[in-house]
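Reviewing the structure listed below.
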Amino acid sequence: MGSRAVAGLLAYEHLQKTDASGISIEEAMKQSQLSPLPLEKIKRNDIQAYLEMHIEQGKVLENEELPVGIVTGIAAPLWLEVTVTGVSAHAGATPMPIRKDALAAASEMILAIEQMFNDRTNSVTTVGKLNVEPNGVNVIPGRVTFTIDIRDIDEQIISTLEGSFLRQMQKIAERRKVTLKTKMLQLVKPAKTDPMLQQQLAKGVLAALIYFSLNLFWCRCL
């Protein structure tokens with residue numbers, strides 16, 4: 001959000017998004033003595049590019065035993081909310097063959113999505129939120145809501161993957177005799193690092209490696 005504001009891409013409608021408690025971004029800002037100033041005044045026109053250094057959040061560089069990496073692009077997220085509706089019934093009185101278990105169906109969908117992404121290099125997906133109703137020990141789940149987070153640096157790949165697993169989930173829903181409903185929560189376009197900046201960063205990394213290698217060699221000689 002901060003980057004969008006500085007780039008002049010943040011709109012007032014974005015500040016109306018709410019959290020799980022129903023508090024909007026604008027309200028949270030005011031509660032923290034922050035004023036959502038006229039967004040037009042926040043935009044900066046004196047910045048061409050900026051460099052942001054990060055400690056790696058994943059394990060890619062660590063697993064490859066590399067000290068540093070140059071980001072080629074930011075994998076933007078597509079967030080979906082999926083609702084699977086079956087029939088809630090007593091666990092002890094309902095035979096297995098006639099059940100319409102929303103949680104069992106949702107579980108199969110989640111595993112199918114994971115399997116689809118396992119063989120991919122850059123694309124990742126996560127189901128991070130799950131809500132089961134009525135959430136009783138002896139009650140067959142009648143409705144399950146879960147979220148899907150998909151990320152890739154290519155917008156077309158995200159769209160293709162979305163269509164593919166939505167069709168697969170629909171097939172599972174039909175086979176298990178449950179209904180499926182999806183809602184888009186957020187869609188952000190991926191951003192690729194400027195090639196010229198990548199080249200300049202690569203030169204800088206190479207120069208640093210040569211410098212430290214020569215200093216290490218000199219110290220050993222001494």
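All residue numbers refer to positions in the sequence shown, counting from 1.
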Distance check, rounded to the nearest 0.5 Å: Asp119 atom CG versus Met116 atom CE? 11.0 Å
Mind checking whether Ile74 and Val188 sit in one hydrophobic cluster, side chains of I, L, V, M, F, W, Y counted as touching below 4.5 Å? no
Salt-bridge criterion met for Glu62 and Lys59 (N-O under 4.0 Å): yes
Has Ser164 got a side-chain atom pairing as donor or acceptor with Thr160's backbone, closer than 3.5 angstrom? no
Between the OG1 atom in Thr72 and the CD1 atom in Ile70, the distance rounded to the nearest 0.5 Å is 10.0 Å
Once you round to the nearest 0.5 Å, how far does CG of Leu66 lie from CD of Glu64? 6.0 Å
Determine, step by step, whether Glu162 and Leu166 satisfy the side chain to side chain contact (heavy atoms under 4.5 Å, CB included) criterion, reporting the C-alpha distance in whole Å, the side-chain angles of both residues, the deciding distance to 0.1 Å, and the verdict. CA-CA 6 Å; Glu162 178 192 7; Leu166 285 179; 3.8 Å; yes
Distance col, row Phe117:CZ vs Thr126:OG1, nearest 0.5 angstrom, shows 9.5 Å
Is the side chain of Tyr211 donor-acceptor paired with the backbone N or O of Leu206 at a distance under 3.5 Å, no angle test? no
Would a distance-only check, ignoring hydrogens and angles, find a side-chain to backbone donor-acceptor pair under 3.5 Å from Gln198 to Thr193? yes
Donor-acceptor pairs are to be reported for all side-chain atoms of residues 91-108 against protein atoms at under 3.5 Å, with residues two or more places apart or in another chain.
residue: Thr94; atom: OG1; partner: His90; partner atom: O; Å: 2.8
residue: Arg99; atom: NE; partner: Thr94; partner atom: O; Å: 2.9
residue: Arg99; atom: NH2; partner: Ala91; partner atom: O; Å: 2.6
residue: Arg99; atom: NH2; partner: Thr94; partner atom: O; Å: 3.1
residue: Asp101; atom: OD1; partner: Leu103; partner atom: N; Å: 2.9
residue: Asp101; atom: OD1; partner: Ala104; partner atom: N; Å: 3.0
residue: Ser107; atom: OG; partner: Leu103; partner atom: O; Å: 2.8
residue: Glu108; atom: OE1; partner: Arg176; partner atom: NE; Å: 2.7
residue: Glu108; atom: OE1; partner: Arg176; partner atom: NH2; Å: 3.3
residue: Glu108; atom: OE2; partner: Arg175; partner atom: NH1; Å: 3.4
residue: Glu108; atom: OE2; partner: Arg175; partner atom: NH2; Å: 2.3

Residues Gln170, Thr182; criterion side chain to side chain contact (heavy atoms under 4.5 Å, CB included); working and verdict: CA-CA 10 Å; Gln170 185 59 47; Thr182 61; over 6 Å; no
Cluster question for you: counting only ILVMFWY and a side-chain heavy-atom cut-off of under 4.5 Å, with indirect links fine, are Val71 and Leu51 together? no
Least distance between heavy atoms, Pro134 atom then Pro141 atom: CD-CA, 4.3 Å
If I take atom CZ from residue Phe165 and atom CE from residue Met169, how far apart are they, to the nearest 0.5 angstrom? 5.5 Å
Do Gln31 and Met29 pass the side chain to side chain contact (heavy atoms under 4.5 Å, CB included) test, and can you show the C-alpha distance, the side-chain angles, and the key distance before you say yes or no? CA-CA 5 Å; Gln31 289 175 9; Met29 291 176 68; over 6 Å; no
Given Thr125, which of Asn118, Leu161, Asp152, Ile113 fulfils the side chain to side chain contact (heavy atoms under 4.5 Å, CB included) condition? Ile113
Co-membership, hydrophobic cluster, residues Ile47 and Ile42, 4.5 Å side-chain: no
Checking Glu56 side chain against Val60 main chain: does a donor-acceptor pair fall under 3.5 Å? yes
Taking only distance into account, with no hydrogens and no angle test, what donor-acceptor pairs under 3.5 Å do side-chain atoms of residues 76-89 form with protein atoms, sequence neighbours excluded?
residue: Trp79; atom: NE1; partner: Asp149; partner atom: OD2; Å: 2.7
residue: Ser88; atom: OG; partner: Ile140; partner atom: O; Å: 3.2

Any donor-acceptor N/O pair, Glu27 side chain to Ser24 backbone, under 3.5 Å: yes
State, to 0.1 Å, how close Ala28 and Ile23 come at their nearest heavy-atom pair, and which atoms those are. N-CG2, 4.0 Å
Residue pair Leu197 / Gln199, side-chain heavy-atom distance below 4.5 Å: no
CG of Asp154 to OG of Ser123: how many Å apart, nearest 0.5 Å? 8.5 Å
So, for Leu180 and Ala173, which heavy atoms are closest and what is the spacing to 0.1 Å? CB-CB, 4.0 Å
Using the rule given for side chain to side chain contact (heavy atoms under 4.5 Å, CB included), can you reason through Ile157 versus Arg120, listing the C-alpha separation, both sets of side-chain angles and the distance that settles it, and then say yes or no? CA-CA 11 Å; Ile157 290 177; Arg120 303 197 63 83; 3.6 Å; yes
In one Ile/Leu/Val/Met/Phe/Trp/Tyr side-chain cluster, 4.5 Å: Val124, Val127: no
Cluster check Val139, Val132: I/L/V/M/F/W/Y, side chain < 4.5 angstrom: no
Nearest heavy-atom approach of Met109 to Ile172 is CA-CD1, 3.8 Å
Side chains of Thr147 and Leu130, heavy atoms from C-beta outward: is any pair under 4.5 Å? no
Any side-chain heavy-atom pair of His14 and Met1 under 4.5 Å: no
